[in-house]
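When a residue number appears, it is its place in the shown sequence, counting from 1. Just so we're clear, the structure is a prediction, and the values are computed from it rather than from any experiment.
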Amino acid sequence: CHCSQPAPCCAPRGSRLAEWLVEEGIGEDRAVRLDRGSIAGARIRLHGRIAAGDVADAVLIARSQGAARGTVRFGGREEALIDRLPADAREGAALRTEVTRPALAERGRFKLALARPAPDKPPITLGLAGSLLREGQDAKIVRDFGADWDELLGEVRDGLVTFSGGSLAITPTPAMTLIDIDGTAPPRALALAAVPAIAAAIARLDLAGSIGIDFPTLSAKADRRAVDEALTEALAAWPHERTAMNGFGFVQIVARLERASLLAAAAHDPLGCAARHLLRRAERVAEPGILLIAAAPGVIARITSQWQAELTRSTGRVLRLSPENALAPEAGFVQAIAL
């Protein structure tokens with residue numbers, strides 16, 4: 001990054017510190033912000049899904065009499081909860097609607113998108129690059145952002161981030177994203193060493209909403225104060241609210257939730273995540289021949305005919321899908337084979 005502070009200050013979302021590079025791929029768009037060649041921030045947007053900031057026409061499909069809230073359905077059949085309904089809005093009515101938060105999939109439940117009436121706004125779907133530009137970020141669409149997305153997906157899939165002397169286990173739950181710290185160093189040293197890793201992980205995995213951090217228990221108030229001060233410095237550029245560390249080492253962070261984290265998206269749909277990643281890798285195969293995608297049957301089943309057509313069109317090559325029962329969902333591979 002280009003700031004004068006240590007790298008964690010560049011980690012949280014919302015700071016205009018480096019250009020975002022956006023790949024518009026098959027099934028999803030991906031964006032990264034790089035720091036010395038490594039991914040310091042990342043986002044994804046799935047195709048065909050509404051996102052915060054989208055303005056579109058929808059139909060009011062449910063509303064209790066006199067209630068200000070109801071349910072709308074968009075043209076793509078996705079539904080959203082809508083608030084601030086005008087008194088005269090009736091079921092079946094068309095409404096110009098602005099999405100304030102996309103649907104969120106969590107382990108054990110699915111939360112519909114949130115929306116509000118926007119009668120005076122023109123329809124708009126910005127896409128990932130457009131959303132970044134609207135925030136005031138610098139963004140550029142590229143064919144290949146040249147960063148190790150495989151390594152990032154490994155962190156996402158395992159929910160494990162390592163740092164010198166310890167590791168973070170990051171788990172999305174319906175209530176919050178939980179970060180557990182483990183390591184062999186003394187509690188104070190381990191807690192302080194974890195702070196920059198936490199700040200970096202928040203940006204790299206696009207975490208927001210309610211985040212609970214379970215630090216080692218620190219009995220001395222001075223030690224807890226030192227960790228609080230380190231968190232304040234590391235997260236200074238990221239809009240959020242935070243509790244002080246309690247006597248059990250727990251800290252809660254709350255930040256505005258505008259999209260699903262990479263972790264939550266992968267946890268809800270690991271097969272789709274694996275399928276889209278294989279398509280991304282297939283587009284980059286340089287050797288001549290038929291493109292063979294071998295993966296677990298569930299992953300192959302997620303590669304829709306539309307995605308296959310897009311891959312064939314973008315590469316100009318014949319595609320062959322091979323379901324392999326012996327492969328784990330994350331162990332699929334792509335290669336060129338002779339005609």
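- When the shell of 6.0 Å around CD of Glu151 is examined, it contains 12 or fewer heavy atoms from other residues, nucleotides or ligands.
- A heavy-atom distance below 4.5 Å is not found between the side chains of Thr97 and Asp57.
- A donor-acceptor pair under 3.5 Å is absent between the side-chain atoms of Thr171 and the main chain of Leu178, judged by distance alone.
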Next on the checklist: Show, in sequence, the C-alpha distance, side-chain angles and deciding distance for Ile290 and Arg317, and conclude whether the side chain to side chain contact (heavy atoms under 4.5 Å, CB included) test is met.
Outcome noted: CA-CA 6 Å; Ile290 295 173; Arg317 301 165 75 165; over 6 Å; no
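- The shortest distance between side-chain heavy atoms of Ile179 and Phe215 does not fall below 4.5 Å.
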Next on the checklist: Applying side chain to side chain contact (heavy atoms under 4.5 Å, CB included) to Val318 and Thr312, what does each step give before you reach the verdict?
Outcome noted: CA-CA 6 Å; Val318 175; Thr312 299; over 6 Å; no
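- Applying the side-chain hydrogen bond (donor to acceptor under 3.5 Å, both in side chains) definition to pairs two or more places apart or across chains, those involving residues 181-192 are Arg188-Asp223.
- The minimum heavy-atom distance between Arg96 and Pro123, with the atom names listed, is NH1-CD, 3.2 Å.
- One distance of note links CD of Glu98 with CZ of Arg116; it measures 4.5 Å at 0.5 Å rounding.
- Following chains of ILVMFWY side-chain contacts shorter than 4.5 Å, one cannot reach Val142 starting from Leu126, and the two form parts of different hydrophobic clusters.
- In this structure, the side chain of Ser64 does not engage the main chain of Ala67 through any donor-acceptor pair within 3.5 Å.
- Judged purely by atom type and a 3.5 angstrom limit, Arg101 uses its side chain to pair as donor or acceptor with the backbone of Leu112.
- Scanning all heavy atoms of the two residues, the minimum distance from Ile44 to Leu262 falls at N-CD1, 4.2 Å.
- The closest side-chain heavy-atom distance from Pro172 to Ser261 is not below 4.5 Å.
- With respect to Arg30 and Glu23, a salt bridge is recorded, a charged nitrogen being found less than 4.0 Å from a carboxylate O.
- For the residue pair Glu324/Ser322, the side-chain donor-acceptor check at 3.5 Å is satisfied.
- Contact of the Ile253 side chain with the Trp238 side chain is registered, since non-hydrogen atoms from C-beta on lie closer than 4.5 Å.
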Checklist entry - How far apart are the C-alpha atoms of Arg280 and Glu310, what are their side-chain angles, what is the distance that settles it, and do they pass the salt bridge (charged side-chain N to carboxylate O under 4.0 Å, His left out) test? => result CA-CA 11 Å; Arg280 179 182 187 267; Glu310 289 183 45; over 6 Å; no
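- Under the rule for a ring pair (Phe, Tyr, Trp, His ring centres under 6.0 Å), Phe163 has no partner lying at least two apart in sequence or in another chain.
- Side chain of Arg320 to main chain of Ile293: no donor-acceptor pair is present (N/O by atom type, distance under 3.5 Å, no hydrogens or angles).
- Follow the hydrophobic side-chain contacts under 4.5 Å out from Val251 and you never reach Met176; the two are in separate clusters.
- With hydrogens and angles disregarded, no donor-acceptor distance shorter than 3.5 Å links the side chain of Gln137 to the backbone of Trp20.
- Checking Thr315 against Glu283 by side-chain atom types alone, no donor-acceptor pair falls below 3.5 Å.
- Side-chain contact check for Arg69 versus Leu114: some heavy-atom pair is nearer than 4.5 Å.
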Kindly list each side-chain donor-acceptor pair under 3.5 angstrom involving residues 74-83, sequence neighbours excluded, with atom names and distances?
unit_1, atom_1, unit_2, atom_2, d
Glu78, OE1, Arg49, NE, 3.4
Glu78, OE1, Ile50, N, 3.2
Glu79, OE2, Arg73, NE, 3.3
Glu79, OE2, Arg73, NH2, 2.7

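- At distances below 3.5 Å, not a single donor-acceptor pair connects side-chain atoms of Asp158 with backbone N or O atoms of Leu160.
- Leu133 approaches Ala139 most closely through the heavy-atom pair CD2-N, 3.8 Å.
- Residue Leu279 forms a side chain to side chain contact (heavy atoms under 4.5 Å, CB included) with just one option from Leu319, Leu311, Leu291, and that option is Leu311.
- Summarising the local packing, CD of Gln306 is surrounded by 12 or fewer heavy atoms from other residues, nucleotides or ligands at distances under 6.0 Å.
- Here the shortest heavy-atom pairing between Ile124 and Gly53 reads CG2-O, 3.9 Å.
- Listed for the Arg256 side chain is no donor-acceptor partner under 3.5 Å among the backbone atoms of Ala208.
- Considering CD of Glu19 and NZ of Lys140, their distance stands at 4.5 Å, rounded to 0.5 Å.
- Under the 4.5 Å side-chain heavy-atom criterion for grouping Ile, Leu, Val, Met, Phe, Trp and Tyr, Ile202 is connected to Leu153 within one hydrophobic cluster.
- Asp228 approaches Ala244 most closely through the heavy-atom pair OD2-CB, 3.7 Å.
- Distance alone, capped at 3.5 Å, places no donor-acceptor pair between the Asp35 side chain and the Ser38 backbone.
- Taking 4.0 Å as the cut-off between side-chain N and carboxylate O, Arg204 and Glu155 count as a salt-bridged pair.
- Between Leu321 and Gln308 the shortest side-chain heavy-atom distance falls below 4.5 Å.
- A single hydrophobic cluster is not seen to contain both Leu95 and Val55; linkage of ILVMFWY side chains at heavy-atom distances under 4.5 Å, directly or through other members, places them apart.
- How far CZ of Arg33 is from CD1 of Ile39: 11.0 Å, rounded to the nearest 0.5 Å.
- Taking 4.5 Å as the limit, every side-chain heavy atom of Leu168 sits out of range of all side-chain heavy atoms of Asp180.
- The two atoms that bring Trp307 and Arg302 nearest to each other are CZ3-O, 3.2 Å, heavy atoms only.
- Atom-to-atom distance recorded for His277:NE2 and Ile26:CD1 is 13.5 Å, nearest 0.5 angstrom.
- How far NE2 of His240 is from CZ of Arg242: 5.0 Å, rounded to the nearest 0.5 Å.
- When the options Glu28, Glu258, Glu135 are evaluated for a salt bridge (Lys or Arg N to Asp or Glu O under 4.0 Å) with Arg43, the one that passes is Glu135.
- For Arg281 (side chain) and Val285 (main-chain N/O), no donor-acceptor pair under 3.5 Å exists by modelled atom type.
- The side-chain heavy atoms of Ile181 and Asp214, taken from C-beta on, include no pair separated by under 4.5 Å.
- If you chain together hydrophobic residues whose side chains sit under 4.5 Å apart, Leu327 and Ile300 never meet in one group.
- For the atom pair Leu292 CG and Phe333 CZ, the distance stands at 6.0 Å (nearest 0.5 Å).
- For the salt bridge (Lys or Arg N to Asp or Glu O under 4.0 Å) criterion with Arg45, the lone passing option out of Asp206, Asp54, Asp29 is Asp54.
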